[in-house]
Amino acid sequence: MSKYWKPGSERPRTVLVDDEEGGVLFLSSPPSSSGFGHSSLERQRQRLPVYKYRTAILYLVENHATTIIVGETGSGKTTQIPQYLKEAGWAEGGRVIACTQPRRLAVQSVASRVAEEMGVKLGEEVGYTIRFEDQTKPNVTKIKFLTDGVLLREMMDDPLLIKYSVIMVDEAHERSLSTDMLLGLLKKVQRRRPQLRIIISSATIDAKSMSTFFHIRRRNIGQAAEDPTPSELPAILSVEGKGYNVEIHYVEEPVSDYLQAAVNTVLSIHDKEPPGDILVFLTGQDDINAAVQLLTEDAQNNGLLVLPLFSGLSRADQDLIFSPTPKGKRKVVISTNIAETSLTLEGIVYVVDSGFSKQRFYNPIPDIENLVVAPISKASARQRAGRAGRVQPGKCFRLYTEEYFVKEMPAEGIPEMQRSSLVSCVIQGNKGESGGLNDLRRNQNTQNELKLKALGIDNILGFDWLASPSPEAMIRALEVLYSLGILDEDAKLTSPTGFQVAEIPLDPMISKMILSADTYGCSEDIITIAAVLSVQSIWISVRGAQKEFDEVKLRFAAAEGDHVTYLNVYKGFIHSGKSSQWCYKNYINYHAMKKVIDIREQLSRLLRRLGIVLKSCERDTQVLRKAIIAGFFAHACCLEEFSPNGMYKTIKSSQEVYIHPSSVLFSELLGI
DNA sequence: GAGCACTGC
């Protein structure tokens with residue numbers, strides 16, 4: 001890569017260097033051929049804050065194994081950096097530049113934006129891969145956007161990610177389960193492949209801990225001499241964002257009821273502030289519906305258009321959020337965290353931040369995950385406030401005191417890795433290590449096998465996590481997998497069960513259920529159940545029609561419980577000719593059902609590859625239940641005798657549990 | 001009588 005340096009030129013003196021003072025030129029793309037300065041797209045590209053760091057970024061990537069880029073939203077880093085890298089020659093010689101995102105939607109939209117800017121057809125030179133959709137062409141695609149989950153999957157077949165020259169992990173500050181997994185494994189890949197460049201892009205300043213993590217000391221492994229290895233010390237560069245200023249307001253005294261306080265704040269904004277839409281962050285559906293009701297009932301607010309927003313809403317209801325605000329009205333969107341990162345609303349000028357969100361916590365002792373309302377972090381609070389400054393200067397009203405924000409609010413949230421069951425991660429790690437069946441078959445050569453072993457997680461307890469999960473959580477994960485027959489006494493994948501489970505992209509308990517179904521002769525039915533279990537919810541959440549919803553649901557209800565009920569819904573959907581109208585009438589989420597069809601299709605292809613013949617048990621739900629138990633026996637529980645309120649206790653740890661009100665068995669319990 | 005948000009060949 002050094003050929004892109006102007007010979008004899010002075011190297012940049014500081015990290016924050018730009019073209020003029022650095023004296024560094026990249027000659028790979030002459031101004032005329034790359035079209036600099038002519039089209040309006042090109043001018044737009046140059047106006048992005050990241051543009052003036054172009055040279056610095058290329059210099060750092062050239063000379064450091066890992067570069068950490070701290071950039072606020074709107075800096076243009078996601079769309080521009082992959083293009084800079086390509087212009088500098090990182091995609092030459094059949095190599096690919098990868099850029100990962102935590103969400104599918106982001107992958108698609110960023111890829112199409114970049115293809116447009118480069119004037120190429122999406123899916124050729126610029127492509128993307130998400131589950132169920134591969135828009136790339138081998139040997140043609142040079143810049144590839146993908147979800148971090150997909151890259152993790154790719155590592156199973158290609159543990160050293162040989163085809164990539166640079167991997168940019170975007171939105172790393174979100175610290176999702178798969179981002180953390182990916183970063184842990186990438187660190188290992190880098191030890192074996194020092195030429196691989198990693199760019200970590202994050203919105204928060206906490207780059208220090210990332211930097212410490214990636215400061216690897218390489219073992220001497222005899223690198224090819226003509227390629228000088230880059231510095232092991234990660235470089236950090238920060239790029240300013242493009243958002244407008246947001247004025248922060250705090251309450252003077254702590255509020256006791258954030259729901260009422262949020263409602264009052266909205267009313268006071270409407271009363272005193274100039275036009276502009278309002279976004280309110282609350283915690284969940286209950287809160288949101290209550291606030292919507294309070295605001296709609298209030299007689300003095302005819303000028304307010306109040307809309308709820310959460311993921312359980314039907315697509316049509318979600319789309320209302322994006323419709324233009326009627327003249328003379330002020331739109332108020334009351335939302336969960338979905339509006340913090342996943343959805344961007346234009347036209348928001350005021351944000352009301354309750355300071356809370358619902359978060360998942362995992363207790364490894366009884367092996368139970370809980371959803372609890374908990375205080376958010378400073379990073380979240382800043383992200384929420386930023387939502388007010390996208391189109392013009394805005395205001396953010398925080399329903400907590402400034403003292404609380406400064407002194408008590410944690411800087412970062414707890415990474416998901418430390419809040420979840422690790423059952424899926426252990427499998428992924430093990431698979432990444434051994435490379436799985438495909439690699440065992442393909443990589444007969446000793447050198448490759450050595451590389452694979454070196455990469456892997458021989459010992460899950462000793463794996464180098466970015467944020468280490470609790471020992472209890474790791475032990476519990478190993479225990480569950482051992483009891484399912486997926487890991488052996490040495491915590492290695494068993495053959496064939498363990499390897500087959502690793503091949504199936506679902507929760508290991510579900511995968512085990514599928515494999516058992518083969519023995520019981522009901523795989524055809526079980527994969528339908530597995531597909532439904534892997535989507536959010538197939539039911540639509542309805543406001544004000546709860547009774548009707550329950551009645552309709554009973555039409556599908558099976559005495560055997562929810563799993564067989566899902567099977568009934570699926571059959572009904574197929575029978576209707578996959579009709580969206582049918583879904584609407586039956587309070588079923590059409591998009592979820594389409595996803596069920598996709599996942600089911602994927603599973604049936606996969607099982608065929610694993611040599612499993614699909615077979616239906618027809619009406620024999622007995623075998624169906626046996627297969628379910630084979631995967632979920634760890635969750636078995638027993639109804640307490642004489643319990644007036646239907647209390648169960650888990651077999652394993654005598655934990656008190658109850659049937660969830662959304663279950664079809666719940667109404668049976670009430671005798672409806 | 002209840003469902004933060006994501007994701008996977």
Side-chain angles (χ1 to χ4, degrees), chain A residues 100-107 129-134 136 146-158 171 174-182 281-289 309-313 335-343 354 356-361 369-374 376 380 383 413 416 419-420 424-425 427-428 431 436 438 502-508 510-511 530-531 534-542 546-547 549-550 589 592 595 598-599 601-610 645-646 658-663 666-667 669-670 672:
Chain A
T100 73
Q101 296 289 322
R103 278 170 293 279
R104 295 159 48 103
L105 200 71
V107 169
T129 308
I130 55 180
R131 193 186 191 183
F132 307 125
E133 216 184 325
D134 184 10
T136 61
L146 65 176
T147 52
D148 33 26
V150 169
L151 191 60
L152 274 176
R153 278 275 144 185
E154 284 189 6
M155 286 183 92
M156 292 192 175
D157 287 326
D158 177 13
E171 313 287 358
E174 287 187 23
R175 301 297 300 275
S176 75
L177 213 54
S178 39
T179 307
D180 266 29
M181 275 292 299
L182 186 61
F281 285 102
L282 294 181
T283 61
Q285 212 166 311
D286 274 353
D287 272 4
I288 290 167
N289 286 336
L309 175 62
F310 45 86
S311 82
L313 230 45
S335 170
T336 60
N337 253 359
I338 193 171
E340 197 179 298
T341 47
S342 310
L343 267 175
S354 66
F356 291 95
S357 72
K358 275 199 186 174
Q359 293 161 32
R360 188 177 55 198
F361 285 94
E369 285 185 335
N370 272 328
L371 214 49
V372 279
V373 173
I376 60 167
S380 273
Q383 176 75 18
E416 204 183 2
R419 297 187 281 115
S420 346
S424 303
C425 300
I427 289 299
Q428 194 107 42
K431 193 69 198 309
N438 289 341
E503 206 81 27
I504 304 173
L506 300 174
D507 183 290
I510 299 180
S511 306
S534 5
V535 303
Q536 207 108 304
S537 169
I538 57 165
W539 311 108
I540 268 178
S541 146
V542 274
Q546 198 59 50
K547 220 177 139 207
F549 170 62
D550 285 343
N589 186 334
K595 209 172 160 193
D598 276 345
I599 296 176
E601 214 15 74
Q602 183 188 3
L603 288 175
S604 82
R605 277 198 308 268
L606 200 68
L607 291 194
R608 229 170 292 146
R609 223 173 63 209
L610 293 174
N645 52 355
Y658 297 87
I659 290 187
H660 197 274
S662 67
S663 167
F666 187 82
S667 44
L669 187 78
L670 293 181
I672 296 172

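Below, chains carry the letters A, B, ... as their sequence lines are ordered, and counting in each starts from 1. In what follows, every heavy atom counts, from backbone to side chain, and hydrogens, waters and symmetry copies are set aside.
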*Looking only at side-chain atoms of A/P505, point me to the closest of B/dG3, B/dC4, B/dC9.*
B/dC9
*How far apart are the closest heavy atoms of A/A374 and A/Q359, and which atoms are they?*
O-NE2, 3.6 Å
*Which whole-number value in Å describes the distance from A/L151 CG to B/dC9 P?*
10 Å
*B/dC4, B/dA2, B/dT7: which one has an atom nearest the side-chain heavy atoms of A/H660?*
B/dA2
*asked:* Of the options B/dA2, B/dG3, B/dT7, whose atoms approach the side-chain atoms of A/K595 most closely?
replied: B/dT7
_Distance check needed: B/dA5 C1' versus A/L371 CG, whole Å only._
10 Å
*What is the nucleic acid contact for A/E416, judged by heavy atoms within less than 4.0 Å: base, sugar-phosphate only, or nothing?*
base
*Identify whether the distance between the nearest side-chain nitrogen and carboxylate oxygen of A/R609 and A/E503 falls below 4.0 Å.*
yes
*If you check the A/S662 side chain, which of B/dA2, B/dG8, B/dC6 turns out closest?*
B/dA2
*asked:* Just the rounded figure in Å: distance from P of B/dC4 to CZ of A/R360.
replied: 13 Å
*Check the distance between B/dT7's P and A/I504's CD1 and give it to me in whole angstrom.*
21 Å
_Among B/dG3, B/dT7, B/dA2, the nucleotide that comes nearest once only the side chain of A/K358 is considered_ = B/dG3
*Could you give the CG-to-P distance, from A/L282 to B/dA5, as a whole number of Å?*
13 Å
*Could you walk me through whether A/S380 and A/E340 pass side-chain hydrogen bond (donor to acceptor under 3.5 Å, both in side chains), step by step?*
CA-CA 8 Å; A/S380 273; A/E340 197 179 298; 3.0 Å; yes
*Starting at atom CZ of A/R153, determine the distance to atom P of B/dC9, rounded to an integer number of angstrom.*
6 Å
*Looking at every strand, decide which applies to A/Q536 at a 4.0 Å heavy-atom threshold: base, sugar-phosphate, or nothing.*
base
_Considering every strand and a 4.0 Å limit on heavy-atom distances, what is the contact class for A/S178: base, sugar-phosphate, or nothing?_
nothing
*Could you check A/Q602 against A/S311 and say which one's nearest nucleotide on DNA chain B is further toward the 5' end?*
A/S311
*Nucleotide of B/dC9, B/dG3, B/dT7 approaching A/R104 most closely (side-chain heavy atoms)*: B/dT7
*Grab the two heavy atoms, one from A/T283 and one from A/T336, that are nearest each other, plus how far apart they are.*
O-CG2, 3.9 Å
*asked:* Any heavy-atom pair between the side chains of A/T179 and A/E416 that's under 4.5 Å?
replied: no
_Taking any heavy-atom pair under 4.0 Å as a contact, classify A/I338: base, sugar-phosphate, or nothing._
sugar-phosphate
*Could you state the interatomic distance from CD1 (A/I130) to CZ (A/R103), rounded to the nearest 0.5 Å?*
13.5 Å
*Per the atom types in the model, does the base of B/dG1 pair as donor or acceptor with the side chain of A/D550 at under 3.5 Å?*
yes
*Could you state the CZ-C1' distance from A/F132 to B/dG8, rounded to the nearest angstrom?*
8 Å
*asked:* Taking only side-chain N and O atoms of A/T336, does any of them lie within less than 4.0 angstrom of OP1 or OP2 on B/dA5?
replied: yes
_Counting the atoms with a prime plus P, OP1 and OP2 as sugar-phosphate, which does A/L177 contact under 4.0 Å by heavy atoms, base, sugar-phosphate, or nothing?_
nothing
*Calculate the interatomic distance between A/E369 atom CD and B/dC4 atom C1'; express it in whole Å.*
13 Å
*With heavy atoms under 4.0 Å as the rule, sort A/R103 into base, sugar-phosphate or nothing.*
sugar-phosphate
*Distance check: side-chain N/O of A/S176 vs OP1/OP2 of B/dA5, anything under 4.0 Å?*
no
*Mapping A/P508 and A/R419 onto DNA chain B by nearest heavy atom, which one lands closer to the 5' end?*
A/R419
_Within the 4.0 Å heavy-atom criterion, would you say A/T147 contacts the bases, only the backbone, or no part of the nucleic acid?_
sugar-phosphate
